[in-house]
Amino acid sequence: LFEPEKKRGEFDVVSVENGVTAVVHNCQMHADLKRMFVKHCAYTLSGGVFDDKVQEHEVYARSAAPLVAQTLKGGVGALFMYGQTGSGKTHTMENIEKHAMDALFIGDGEANVPGATCITVSYFEIQGKTCVDLLQPGRVELRLKELFEEQGDELVGQMEVELMGAKEPTVENAADLKKVIDEGKSRRQTSATQCNAASSRSHAVMRLTVTLSDGSKGRLTLVDCAGSERKEDNTHHNVKQ
């Protein structure tokens, strides 16, 4: 809860039980539109639920570490951060990115999986129908091209998207990777909302193509979505937002 919410006497509408169940305490109105009541709805999630006391390394270990491990074996993984404006998406994603960037180069000693020899980075944002490269100054627009191959008389999708016009640098250590990502973050579009002084106004897509010691490749994609809005927030937005 934010401080202004605490001062208004508001309470948290979600509680977590046993790390797997989220209980939503939903305030509703009786049919007479005079009396109110609280309806408690429980949702059990196979992937687990984090409460407000969990530490960043625990979030990384349960949600992103398995994706990183598969990437270092030549696999492909993606993680999406979705939720309401002001709920902490970008903050959470930045911590996951920090741990992932280190782990991709370090590898997994216990599983005898070596780290990446180098990583090629693409980082762009999507606003409406516009796709902009975050690794180039001047708001350079990109075109996305899905790749196909001929199989007999048919064109079959390769599950691969080429970023036409993108700057995609290759780095050989975590420090250089973080510098590239920080440069991209400085160009991401934000604006003030009721909940947040610098709310993300776009979907930011970070694509890390990992080259392994045997020459094979893996890929990890991290997507920090723009905030979904409450009705109360929308009344303060202009037409562009």
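As a basis for the values below, the full set of heavy atoms in this structure was taken, side chains included, without hydrogen atoms, waters or symmetry mates.
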Exercise for the section: Show the numbers, then the answer: is there a side-chain hydrogen bond (donor to acceptor under 3.5 Å, both in side chains) between Thr21 and Thr44? Expected result: CA-CA 4 Å; Thr21 302; Thr44 298; 3.2 Å; yes
Practice task
Going by the side-chain hydrogen bond (donor to acceptor under 3.5 Å, both in side chains) test, name the single residue among Thr209, Thr211, Thr120, Thr71 that passes it with Lys217.
Solution key: Thr211
Handout entry: Parallel, tilted or perpendicular: ring planes of His30 versus Phe37, cut at 30 and 60 degrees
Key = tilted
Problem - Euclidean distance, Thr90 OG1 relative to Met93 CE, rounded to 0.5 Å - result: 8.5 Å
Practice task
Using modelled atom types only, decide if a donor and an acceptor are shared between the side chain of Lys39 and the backbone of Asn26 within a distance under 3.5 Å.
Solution key: no
Problem - Under the side chain to side chain donor-acceptor pair (under 3.5 Å) test, residues paired with Thr130 that sit two or more places apart - result: none
Fill in the blank from the handout: To the nearest 0.5 Å, atom CG of Asp51 lies from atom CD of Glu17 at 11.5 Å
Practice task
Find out whether Val180 and Tyr123 are in side-chain contact, i.e. whether some heavy atom of one side chain is under 4.5 Å from a heavy atom of the other.
Solution key: no
Handout entry: Val76 side chain reached by Gln70 side chain, heavy atoms, under 4.5 Å
Key = no
Exercise for the section: Enter the distance from His203:NE2 to Phe124:CZ here, rounded to the nearest 0.5 Å. Expected result: 11.5 Å
Exercise for the section: Take atom CG of Asp214 as the centre, draw a 6.0 Å sphere, and report whether it contains more than 12 heavy atoms from other residues, nucleotides or ligands. Expected result: yes
Practice task
Would you check if Val23 and Cys41 make a side-chain contact, meaning some heavy-atom pair closer than 4.5 Å?
Solution key: no
Practice task
Determine whether more than 12 heavy atoms belonging to other residues, nucleotides or ligands lie under 6.0 Å from atom CD of Glu168.
Solution key: yes
Handout entry: Under 3.5 Å donor-acceptor, Ser87 side chain and Gly83 backbone
Key = no
Exercise for the section: Applying side chain to side chain contact (heavy atoms under 4.5 Å, CB included) between Leu208 and each of Val68, Val171, Leu104, report the one that passes. Expected result: Leu104
Handout entry: Test item: Leu135 and Pro169 side chains (from C-beta on) under 4.5 Å apart, heavy atoms
Key = yes
Fill in the blank from the handout: Here the gap from Asp102 atom CG to Leu177 atom CG, rounded to the nearest 0.5 Å, amounts to 9.0 Å
Practice task
Tell me, yes or no, whether the heavy-atom count around Arg143 atom CZ, taken from other residues, nucleotides or ligands under 6.0 Å, exceeds 12.
Solution key: no
Handout entry: Atom CD of Glu154 with >12 non-hydrogen neighbours under 6.0 angstrom
Key = no
Exercise for the section: Give, for atom CD1 of Ile119 and atom CZ of Arg207, the distance between the pair rounded to the nearest 0.5 Å. Expected result: 14.0 Å
Practice task
Using a 4.5 Å cut-off on heavy atoms from C-beta on, say whether the side chain of Ile126 contacts that of Val205.
Solution key: yes
Exercise for the section: Mind checking side-chain contact (heavy atoms from CB on, under 4.5 Å) for Lys7 and listing every partner two or more places apart, or none if nothing turns up? Expected result: none
Handout entry: Donor-acceptor under 3.5 Å (Asp133 side chain, Lys167 main chain)
Key = yes
Handout entry: Backbone of Val20 reached by a side-chain donor or acceptor of Asn18 within 3.5 Å
Key = no
Exercise for the section: May I have the step-by-step check of salt bridge (Lys or Arg N to Asp or Glu O under 4.0 Å) for Arg187 and Glu183, ending in yes or no? Expected result: CA-CA 7 Å; Arg187 298 191 180 105; Glu183 177 189 347; 3.0 Å; yes
Problem - Note, Asp108 side chain near Leu72 side chain (heavy atom, < 4.5 Å) - result: no
Problem - CG-CZ distance between Leu134 and Arg188, expressed to the nearest 0.5 angstrom - result: 8.0 Å
Practice task
Check whether any side-chain heavy atom of Lys89 sits under 4.5 Å from a side-chain heavy atom of Gln84, and report yes or no.
Solution key: no
Handout entry: Heavy-atom side-chain proximity of Leu79 to Thr221 below 4.5 angstrom
Key = no
Practice task
Indicate if Tyr60 and Val49 have the same hydrophobic cluster label, given that clusters are the connected sets of ILVMFWY residues with side-chain heavy-atom separations under 4.5 angstrom.
Solution key: no
Practice task
Please check if the side chain of Asp12 supplies one atom and the backbone of Ser15 the other of a donor-acceptor pair under 3.5 Å.
Solution key: no
Exercise for the section: For Glu97 and Lys185, run salt bridge (Lys or Arg N to Asp or Glu O under 4.0 Å): C-alpha distance rounded to whole Å, both residues' side-chain angles, the deciding distance at 0.1 Å, then the answer. Expected result: CA-CA 12 Å; Glu97 290 167 355; Lys185 287 184 185 301; 2.8 Å; yes
Exercise for the section: Might you work through the salt bridge (Lys or Arg N to Asp or Glu O under 4.0 Å) test for Arg139 and Glu125, ending with a clear yes or no? Expected result: CA-CA 10 Å; Arg139 308 289 297 166; Glu125 68 176 354; 2.6 Å; yes
Problem - Short side-chain to backbone donor-acceptor contact, Glu94 and His91, under 3.5 Å - result: no
